[in-house]
Amino acid sequence: MFKYILKRVLIFIPTLIIITLGTFVLSLNAPGDPVDLLLNQSGGSDSKSTDRLATEEVYVKKRAELGLDKPTFYFALSDAATSDTLHLVPKQVYRENLARLTNQYGNWPQISKNYLAKRKFDLALYDVEKNDQNAGALIKLKDYSASLLTSYKETKMDVLHGNIQKLIDGDSSLASMRPLMNEVTSSYDNMKSTSSKWKTWVPSFKWYGTDNQYHHWITEVFKGNLGTSYMDGRPVITKLKEGIFWTMLMSILAMIITYIIAIPLGIYSAVNKGGTFDKISTTILFMLYSLPSFWIATLMVVFLTGGDYLDWFPTYGVGDTSKPLDVAYHLVLPLICWTYASFAYLSRQMRTGMLTVIGQDFIRTAKAKGLAQKVVVMKHALRNALLPIITLFASVFPRAIGGSVILEVIFNLPGMGNLSFNAILARDYPIVFIVFMFSAILTLVGYLVADVLYAVVDPRISYNK
Amino acid sequence: MSNQREQVNQIDQSFSAYVKRQFKKNKRALYSLYLVIFLGLVAIFADFIANDKPLICKYKGSTMMPIFKSYAVSAGLANWPEDLQNISWNELDYDWAIFPPVPYLPTNQDMINGHYIGPTGDQKWDKRKWLNSKRDETAVGPQKLPTRYWHWLGTDQLGRDVLSGMIHATRIAFLVGFISMGLASIIGIFVGALAGYFGDERLKISRGRMFMNILGLFFAFFYGFSQRSYILGDALEVSIGSFLTQVLVCFVIFFLVLALFNLIAYALKLVPWFKDKIAVPMDMIVSRVIEVMVSVPILFLLITVVALVPPHIFWVMLVIGLVSWTGMARLIRAELLKVRSLEYIEAAHAMGFSEWRTMFKHAIPNALSPVFIAIAFGVAGAILTEATLSFLGIGVSADTITWGKLLNMSRQHPLAWWLAIFPGFAIFILVTAFNLIGEGLSDALDPRLKN
């Protein structure tokens with residue numbers, strides 16, 4: 001048995017690594033710049049170049065602090081044209097555009113020269129003395145220059161070059177910009193003329209070593225440092241603890257209620273199979289089982305709370321956490337929604353299990369021995385029928401995380417489901433990673449516990465082969 | 001005597017006929033099937049049941065069928081004449097017209113009945129604002145909406161007809177159910193069959209091919225997908241159709257490159273060491289992949305992936321299909337683990353059929369009956385998942401109405417009880433019907449359960 005558990009745990013490690021990798025790949029493809037999300041900044045149009053550089057500095061610093069300026073993984077499979085210094089460029093929009101240009105022209109040195117010239121021009125624009133004549137032109141120029149930094153289509157870039165040239169040629173106060181613009185144009189022409197598109201067709205393998213985002217993150221996790229949330233800067237572990245508390249509270253309560261109702265119900269309708277009670281309960285249980293829980297939850301919130309129809313229960317949240325009664329009052333409706341579907345399922349399961357057992361020979365033998373119906377059912381049949389029910393127990397924990405999202409969102413409970421839902425929408429990846437890992441661990445442990453329990457309660461099953 | 005024999009022959013003894021008979025005995029399942037067929041017809045003919053255009057009409061002397069014409073227009077085969085562009089079809093001056101039973105599209109905004117007017121509410125129309133000869137300047141304020149134009153299930157905040165939205169949403173529910181489950185079945189059956197039929201030892205390939213295939217996968221991925229990522233992205237911005245075409249091209253390139261590497265592998269076989277055959281642990285690989293998939297809560301996975309793509313129902317279907325094949329794969333795997341050691345498979349081997357032919361033509365068909373059951377339950381699950389997602393406000397674009405979205409509106413405006421009851425009931429009914437069909441199928445297909 002021990003050997004079996006050890007083997008399962010060992011197999012589990014690669015699975016976990018694959019999950020972290022998968023989440024990591026997903027996070028890389030997410031649109032939006034996490035640093036921007038965190039800083040929530042946007043450069044004003046009137047600021048001087050030094051101010052703009054300062055805000056950029058803040059960005060670069062924050063990015064370095066989060067470790068996002070490092071290569072993403074140990075290695076990269078890309079093409080020969082792709083630069084390995086691209087990740088040093090500040091601002092995600094610039095990086096994306098440069099990657100696109102590289103894909104188009106394949107000559108990184110020229111592209112990077114062009115980029116630097118454009119940046120220099122763009123910054124210089126903010127230092128031009130403003131007067132009544134050039135104010136309008138300046139606004140336009142800043143606009144064109146910004147869009148030049150983020151465009152890759154040749155036609156669009158040509159038009160932008162033309163527009164900028166026309167504006168600075170027509171205004172003497174902008175004379176200082178001319179040499180800078182000339183540099184932009186010449187580097188642009190150079191980039192186009194020395195295009196080496198073929199390089200994008202040569203695959204290349206780049207090795208970055210251990211100084212990469214993934215490595216840093218995973219080593220920190222193993223050290224117990226789960227990172228901080230992008231959204232509010234709080235440690236992930238604190239947010240996680242809160243979430244787990246509420247979700248586990250709900251799941252455990254729901255489970256207890258479920259088992260208390262489901263097992264007697266299942267036994268009773270199986271023993272009295274075909275009776276009125278069995279017929280009615282089977283139908284009701286089937287209906288309950290198929291009722292979407294988010295519909296029932298919505299109906300409850302709409303009709304039983306808020307006072308538009310009835311005002312029996314509070315609508316949202318968990319209430320005042322220092323008063324247990326208030327919390328209990330808040331949890332009544334969520335608990336009903338949490339419970340009804342699973343007890344319907346469990347009762348049906350229990351009934352089927354009981355029926356299968358009751359039809360077997362040893363029950364007939366027990367009856368033939370003259371044992372009382374009660375003894376036959378409770379002592380002989382029940383123990384065997386409980387087997388599948390016990391194993392379902394193990395699957396409750398992993399389901400608790402995933403299955404609770406919608407109910408927690410509707411009732412606005414601060415549990416794992418709500419936490420991870422908001423984290424996913426806000427692209428708060430430190431949290432998403434941990435939630436995925438955590439639920440994976442719970443699921444796999446759940447399966448393992450189920451298998452072990454199975455062997456414990458049923459001596460016929462053995463894993464020692 | 002001969003008469004008696006005929007009678008016996010009249011009962012079809014084939015398995016499918018037996019299943020049909022068994023299924024028909026289960027009244028709940030049978031009525032569910034009828035209900036699904038009915039709702040399926042509603043989904044197919046949604047445009048003819050709820051539409052702001054007439055089915056057929058005579059307008060300015062010419063007879064036309066605007067709904068059919070709108071199909072032609074959206075296919076790019078025809079154009080609306082000048083005077084029929086951007087008009088309110090309800091208000092035109094027809095010589096005569098036959099309208100669909102529900103004279104609204106889900107997107108039509110009935111301004112005067114906006115801000116949640118219920119089925120029994122104060123529904124009005126205002127003839128003073130009409131644009132044609134029926135315009136009535138003398139009317140005293142807005143008047144009661146005639147029965148013909150009544151919003152039977154009320155309206156939402158923008159004055160959109162809920163009944164019409166529900167009818168058109170049926171189509172989305174069915175599309176999601178069938179397309180995502182179809183995709184999941186194809187992937188699940190194929191992957192599960194690979195694992196179950198070949199196990200860990202039956203798929204043997206030479207070292208050379210193994211080596212070249214692993215190497216080839218990298219190159220195939222590079223040329224097929226990573227090199228074309230910008231092309232794919234651009235195509236996506238044009239339309240889903242052109243995106244799918246590009247994806248197809250990607251796959252063609254992918255397999256061409258892979259084929260090329262397999263060709264090289266033939267040459268490699270000249271070296272004896274490369275010629276040695278080794279077993280591919282198919283079952284182990286597939287089991288690990290499934291383990292990874294099931295260990296992440298499916299709703300999380302869906303929300304995460306759907307959040308990365310532009311909001312469109314197509315993505316929801318695709319993603320649900322791509323993440324929900326594991327159950328199917330496990331079923332098929334378990335079935336084929338039994339089937340693969342049966343004698344008729346050995347016989348197929350003895351006749352010299354290739355492994356692949358034996359698997360596809362002989363082993364898989366024998367393992368399909370649990371799949372039908374799983375598909376019925378799976379469709380129900382997919383519909384429920386989509387409803388959950390759109391209830392959470394993820395995945396569908398702003399102008400697409402789904403049951404989940406309608407239900408969600410009731411949370412913003414609890415007084416609109418019609419939004420809380422009807423869409424949820426529709427989800428419940430369709431999901432239950434598919435579940436009952438699944439149950440009926442499992443009773444019919446499994447003779448052991450028959451009492």
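Every chain is numbered from 1, with letters handed out A, B, ... down the list of sequences.
Ranked by non-hydrogen atom pairs under 4.5 Å with chain B, the options A:Ile18, A:Leu16, A:Asp79 are led by A:Asp79. Each of A:Tyr289, A:Phe12, A:Phe303, A:Trp201 has some count of heavy-atom pairs under 4.5 Å with chain B, and the biggest count is that of A:Trp201. Highest contact tally toward chain A, considering only B:Ile427, B:Ile421, B:Val294, B:Val431, is held by B:Ile421 [criterion: heavy-atom pairs under 4.5 Å]. Counting heavy-atom pairs under 4.5 Å between each of A:Leu425, A:Val301, A:Val409, A:Ile410 and chain B puts A:Ile410 at the top.
With a 4.5 Å cut-off on non-hydrogen atoms, A:Arg100 touches chain B through its backbone and its side chain both. Of the two parts of A:Leu77, only the side chain, counted from C-beta on, holds a non-hydrogen atom closer than 4.5 Å to a non-hydrogen atom of chain B. Of the two parts of A:Thr298, only the side chain, counted from C-beta on, holds a non-hydrogen atom closer than 4.5 Å to a non-hydrogen atom of chain B. Neither the backbone nor the side chain of A:Ala423 comes within less than 4.5 Å of any heavy atom in chain B. Neither the backbone nor the side chain of A:Phe205 comes within less than 4.5 Å of any heavy atom of chain B. With a 4.5 Å cut-off on non-hydrogen atoms, A:Met287 touches chain B through its backbone and its side chain both. For chain B, no part of A:Thr356 is nearby; none of its heavy atoms comes within less than 4.5 Å.
The environment of CZ in A:Phe73 is crowded: more than 12 heavy-atom neighbours from other residues, nucleotides or ligands sit within 6.0 Å. Few gaps surround OH on A:Tyr309; more than 12 heavy atoms of other groups in view lie less than 6.0 Å from it. More than 12 heavy atoms of other residues, nucleotides or ligands shown are found within 6.0 angstrom of OH on B:Tyr230. At most 12 non-hydrogen atoms from other residues, nucleotides or ligands lie less than 6.0 angstrom from NZ of A:Lys279. Within a 6.0 Å sphere centred on NZ of A:Lys206, other residues, nucleotides and ligands contribute more than 12 heavy atoms.
A:Thr443 and B:Ser295 share no side-chain donor-acceptor pair at under 3.5 Å. Neither side chain, A:Tyr152 nor A:Glu96, offers a donor N or O lying under 3.5 Å from an acceptor on the other.
Between B:Phe425 and B:Phe428, the ring planes lie tilted relative to each other; the angle falls in the 30° to 60° range.
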